[in-house]
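See structure below.
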Amino acid sequence: MGSLRNPVGPLPSSIYWRRRIVVLSVIALVALLIVWVVTSLGGGGGHKNTAGPSDGKHPTPSTITPGPSESGPAISEHPGGRDESGASGSPSGDDDSSSGTDDSGTAAGSSPSAGGAGTGAEGGDTAGAALPAGSTLPDCTAGTVTLAVNSVHNTYAPTETPAIRLVAKNTSAHDCKIDLGPKTAVLTISKAGSTTPYWSSADCPKTAASQWYRVPGGSSITHTVRWDRKPSAPQCATPPHGSAGAGTYLVEWKVPGYDKLPTSFVLSQD
């Protein structure tokens, strides 16, 4: 112990005490450094996890992921502009009316089947139901069911088949039936400037002249007729040869109990 208090050596004792102080200071500094490192690494476990579950007093705000945006169809001022007004149903089944194809059951956004009357047709959003002629459902009237007619496209290229669409919207709460047969709901297509129809659904229908469809209450059906550009002749007479040329064509759809429903479209040259 005496050597600790009174250092032994050739140098003065003050030199040895200074050395001891330096060594002790270095040891103390290293110890403090170790304590600081251990505290820094282990101290994170004591912090409150802000991403953890809510404790009731400070609820964690929920994150709401926005759903898909919806964009409505553009309103066109061109001839035969498309009308997407409330078409939410469609009677099922296809029938041909002279040179036109009647498509009342194609789902919205789906493509028409290959072959047949060609391309460019669209149907209703929800499949409807065809009814027998003796159905006891009440007839639809203009007071409860509104009709709208439009061309599926404003302009058709030479390779495209014109398609005319009728939307029947039931504003009442009760189902009713409507006759959209080719001789009852008569569709005519005329070239602009002509007083004689170029084609009529009533001239020579290939299916039943009367066809009944259910229009559900608070919903609608869509009835689409595709035209293969061929002319027709009354009472199944031989129509003129050829097909419709380029130009503007006027459409009228006459349903009993309603005013004539007009629209138009253009057949382009290329």
Side-chain angles (χ1 to χ4, degrees), residues 80-98 100-106 121-152 162-190 195-227 232 234-235 249-265:
R82 298 179 61 180
D83 181 5
E84 305 292 345
S85 55
S88 61
S90 170
S92 59
D94 295 336
D95 59 85
D96 292 334
S97 299
S98 185
T101 298
D102 185 357
D103 178 13
S104 302
T106 308
E122 295 181 3
D125 296 331
T126 304
L131 299 173
S135 172
T136 58
L137 272 180
D139 292 350
C140 298
T141 64
T144 58
V145 173
T146 60
L147 302 181
V149 171
N150 56 78
S151 175
V152 173
I164 312 302
R165 179 171 50 199
L166 181 147
V167 177
K169 183 176 182 180
N170 190 344
T171 58
S172 73
H174 306 287
D175 295 2
C176 63
K177 69 179 187 291
I178 188 169
D179 187 357
L180 297 178
K183 280 200 170 185
T184 305
V186 179
L187 173 64
T188 60
I189 300 176
S190 306
T195 58
T196 304
Y198 189 82
W199 177 87
S200 172
S201 65
D203 280 349
C204 190
K206 298 178 182 179
T207 58
S210 183
Q211 296 173 12
W212 293 93
Y213 294 93
R214 178 192 299 271
V215 185
S219 187
S220 60
I221 64 171
T222 301
H223 189 74
T224 303
V225 172
R226 301 172 192 156
W227 177 49
S232 65
Q235 300 179 356
Y249 286 79
L250 308 180
V251 177
E252 282 190 347
W253 211 325
K254 184 66 177 74
V255 179
Y258 292 85
D259 294 333
K260 290 182 179 180
L261 303 167
T263 188
S264 62
F265 60 85

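Just so you know, residue 1 is the first one in the sequence shown, and it goes up from there.
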Rounded to the nearest 0.5 Å, how far apart are CG of Leu180 and CD of Gln211? 8.0 Å
Closest non-hydrogen contact found for Pro197 with Thr195 is CD-O, 3.9 Å
side-chain hydrogen bond (donor to acceptor under 3.5 Å, both in side chains) contacts touching residues 179-188 (sequence neighbours left out): Asp179-Thr184, Asp179-Ser210
Rounded at 0.5 Å granularity, tell me how far CD1 in Ile189 sits from OG in Ser264. 11.5 Å
Should the ring pair Tyr198 and Tyr249 be called parallel, tilted or perpendicular, given that the plane angle runs from 0 to 90° and is split at 30 and 60? perpendicular
Between Thr171 and Gly143, the two heavy atoms sitting closest are OG1-O, 4.3 Å
To the nearest 0.5 Å, tell me how far Lys260 NZ sits from Leu147 CG. 15.5 Å
Once you round to the nearest 0.5 Å, how far does CH2 of Trp253 lie from CD1 of Ile164? 7.5 Å
Reported OH-to-CG distance for the pair Tyr213 and Leu137, which is rounded to 0.5 angstrom: 15.0 Å
Which heavy atom of Leu131 sits nearest to which heavy atom of Ser135, and what is that distance? CD1-OG, 3.9 Å
Residue pair Leu187 / Val149, side-chain heavy-atom distance below 4.5 Å: no
If you compare all heavy atoms of Ser200 against all heavy atoms of Ser232, which two are closest, and at what distance to 0.1 Å? N-OG, 3.0 Å
Output for pair (Tyr258 OH, Thr141 OG1), nearest 0.5 Å, gives 6.0 Å
Would you indicate whether the side-chain heavy atoms of Asp139 and Lys177 approach each other to under 4.5 Å? yes
Which heavy-atom pair separates Lys254 from Gly257 by the least distance, and what is that distance? NZ-N, 4.4 Å
Any side-chain heavy-atom pair of Ser151 and Val251 under 4.5 Å: no
Answer yes or no: is there a donor N or O on one side and an acceptor on the other, between the side chain of Ser201 and the main chain of Pro182, under 3.5 Å? yes
If you take all heavy atoms of Arg165 and Thr224, which pair is closest and at what distance? CG-OG1, 3.8 Å
Under the side chain to side chain contact (heavy atoms under 4.5 Å, CB included) criterion, do Val152 and Phe265 qualify, and how do the steps go? CA-CA 9 Å; Val152 173; Phe265 60 85; over 6 Å; no
Please check if the side chain of Asp175 supplies one atom and the backbone of Gly217 the other of a donor-acceptor pair under 3.5 Å. yes
